[in-house]
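Every heavy atom of this structure was used, including side-chain atoms; hydrogens, water molecules and symmetry mates were not.
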Amino acid sequence: MPFNLFGAPASASRHSRQSDPKVMLPGKPGLEGTHQGRVITVTESQQQILKKANRSIEDTWKALDKGSANQLHDIIHTRGGVIKRTSACRAESTTAESRPWRAARFRAGNCGEMAAVNGLLLASSGISEPVSVCSALDGDHAFVMVGDKRINGERIYSDAWPLYGRADKEQNYELSKRYRIVKEYAPQAANPDVREQLLHGDKASREEVNLLYQREMRRQGEPIDSRDLNSLKHIARRHGGGLYQQYQASRNINVYYQTESGGSDTQLKPEMKRSVYESRRRRQDDATREEVAELMRNVNRGV
């Protein structure tokens, strides 16, 4: 189903639209809120965390640019290549410390790898709050949480896995309410070298991806020819676990975060850079209704 798109606010200046064009995040019909949306008040420090968390989500997508092996739009966009890369990434065991580096090297992963990279990026951005990589207990999901409820009861959730993921306060995060922490980063000084290495460090060659993928398939007793990934039937057959079309994780995508001082210039709107949005939207558009239907039919049939 197509999303409703909301244009830039009329109050935005011509200069700001030209120098840093942004578009409002897509929402689904029936979500609460109007064009202006619901306003949630946050402190100045929370607003800074929200902004850094959004930047970390964007950087996670730069590091894992092939996407997730359980998102239909990423599977179709890469013609199954993201499954190959995720399988190769998981062909060797990792620790909580090594997982984000290996995921960045193979440029792909599901929510667990997305959360690992997102958490490390956010922790190294210079935040005076603990950053936790969490595994849901009420579903099969992973995400990042900033803050300690024992101190102020206010936490920020950051989830890079959805196509249009963004940072949210806990009250507006939809995908999990119960979790366990799998990796916690103490507050630390900013370290831009971490971001540089995750985004631009050594990347696995196509030959290495193919080799590890074939090895993993043989280990599972399911040898597969590379050309099979050109067929959606084979993609469906070889993929383990659920398949999703998760576009956002917000309970209400139209939430505006505003600091206590008030005023439109203090608002963090539900928007992203136009270039980023258009890149994500191409993935959504690539996953045509016919292709998604074929993939899901074959998953359900177990072919």
Side-chain ([X]) to main-chain ([Y]) donor-acceptor, under 3.5 angstrom:
{"X": "Thr86", "Y": "Val82", "answer": "yes"}
{"X": "Gln267", "Y": "Lys269", "answer": "no"}
{"X": "Ser176", "Y": "Arg178", "answer": "yes"}
{"X": "Arg85", "Y": "Val209", "answer": "no"}
{"X": "Gln47", "Y": "Val42", "answer": "no"}

State, yes or no, whether a side-chain contact exists between [X] and [Y] at a heavy-atom distance under 4.5 Å.
{"X": "Pro270", "Y": "Tyr256", "answer": "yes"}
{"X": "Asn54", "Y": "Leu268", "answer": "yes"}
{"X": "Thr43", "Y": "Glu260", "answer": "yes"}
{"X": "Asn110", "Y": "Arg90", "answer": "yes"}
{"X": "Tyr185", "Y": "Leu120", "answer": "yes"}
{"X": "Ile253", "Y": "Arg166", "answer": "yes"}
{"X": "Val182", "Y": "Arg180", "answer": "yes"}
{"X": "Ser158", "Y": "Lys52", "answer": "no"}

Roughly how far, to the nearest 0.5 Å, is [atom2] of [Y] from [atom1] of [X]?
{"X": "Asn70", "Y": "Ile75", "atom1": "CG", "atom2": "CD1", "value": "7.0 Å"}
{"X": "Arg155", "Y": "Asp148", "atom1": "CZ", "atom2": "CG", "value": "8.0 Å"}
{"X": "Asp74", "Y": "Trp161", "atom1": "CG", "atom2": "CH2", "value": "10.0 Å"}
{"X": "Ser132", "Y": "Tyr179", "atom1": "OG", "atom2": "OH", "value": "7.5 Å"}
{"X": "Leu25", "Y": "Glu271", "atom1": "CG", "atom2": "CD", "value": "8.0 Å"}
{"X": "Lys169", "Y": "Ile156", "atom1": "NZ", "atom2": "CD1", "value": "6.5 Å"}

Criterion salt bridge (charged side-chain N to carboxylate O under 4.0 Å, His left out) on Arg281 and Glu278, from CA distance to verdict: CA-CA 5 Å; Arg281 182 63 193 237; Glu278 289 177 349; over 6 Å; no

Derivation and outcome, side chain to side chain donor-acceptor pair (under 3.5 Å), residues Asn172 and Tyr157: CA-CA 9 Å; Asn172 198 48; Tyr157 281 52; over 6 Å; no

Partner set under side-chain contact (heavy atoms from CB on, under 4.5 Å) for Asp202, not counting sequence neighbours: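 With neighbours one apart ignored, the set is Arg105.
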
Please output the side-chain donor-acceptor pairs of residues 139-146 that fall under 3.5 Å, not counting sequence neighbours, one pair per line with the distance.
unit_1	atom_1	unit_2	atom_2	d
His141	NE2	Asp159	OD2	2.6
His141	NE2	Tyr173	OH	3.4

Which atom pair, heavy atoms only, marks the closest approach of [X] to [Y]?
{"X": "Ala63", "Y": "Leu199", "value": "CB-CD1, 4.1 Å"}
{"X": "Gln188", "Y": "Ala123", "value": "CG-O, 3.2 Å"}
{"X": "Pro162", "Y": "Ala249", "value": "CG-CB, 3.9 Å"}
{"X": "Thr78", "Y": "Lys66", "value": "CG2-O, 3.6 Å"}
{"X": "Ala167", "Y": "Ile57", "value": "N-CD1, 3.7 Å"}
{"X": "Leu64", "Y": "Ala103", "value": "CD2-O, 3.2 Å"}

Pair Tyr257-Gln46, side chain to side chain donor-acceptor pair (under 3.5 Å): steps then yes or no: CA-CA 9 Å; Tyr257 291 106; Gln46 289 170 343; over 6 Å; no

Leu211 reachable from Ile83 in the ILVMFWY side-chain graph, under 4.5 Å edges: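 No; tracing contacts between hydrophobic side chains, which count when under 4.5 Å, never links both residues.
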
Phe106 reachable from Trp61 in the ILVMFWY side-chain graph, under 4.5 Å edges: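 Looking at the clustering, Phe106 is in a separate group from Trp61.
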
Sidechain N-carboxylate O distance under 4.0 Å for Arg283, Asp286: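 No, Arg283 and Asp286 are not salt-bridged.
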
Basic-acidic side-chain contact under 4.0 Å: Arg55, Glu58: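 Answer for the salt bridge query: no.
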
Chi angles and distances behind the side chain to side chain contact (heavy atoms under 4.5 Å, CB included) call for Arg280, Met272: CA-CA 11 Å; Arg280 308 275 177 87; Met272 62 172 49; 3.8 Å; yes

With Ser124, the side chain to side chain contact (heavy atoms under 4.5 Å, CB included) member among Leu198, Val131, Val194: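 Exactly one option meets the side chain to side chain contact (heavy atoms under 4.5 Å, CB included) with Ser124, and it is Val194.
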
CA sep, side-chain torsions, deciding dist, call: Leu163, Gln71, side chain to side chain contact (heavy atoms under 4.5 Å, CB included): CA-CA 9 Å; Leu163 186 62; Gln71 290 272 35; 5.6 Å; no

Salt bridge (charged side-chain N to carboxylate O under 4.0 Å, His left out) between Asp285 and Arg282, worked out: CA-CA 5 Å; Asp285 292 343; Arg282 281 194 293 272; over 6 Å; no

Stepwise salt bridge (charged side-chain N to carboxylate O under 4.0 Å, His left out) check, Arg102 with Glu113: CA-CA 9 Å; Arg102 186 167 178 83; Glu113 287 83 7; over 6 Å; no

Check against side chain to side chain contact (heavy atoms under 4.5 Å, CB included), Arg99 and Val133: CA-CA 12 Å; Arg99 193 177 197 187; Val133 179; over 6 Å; no

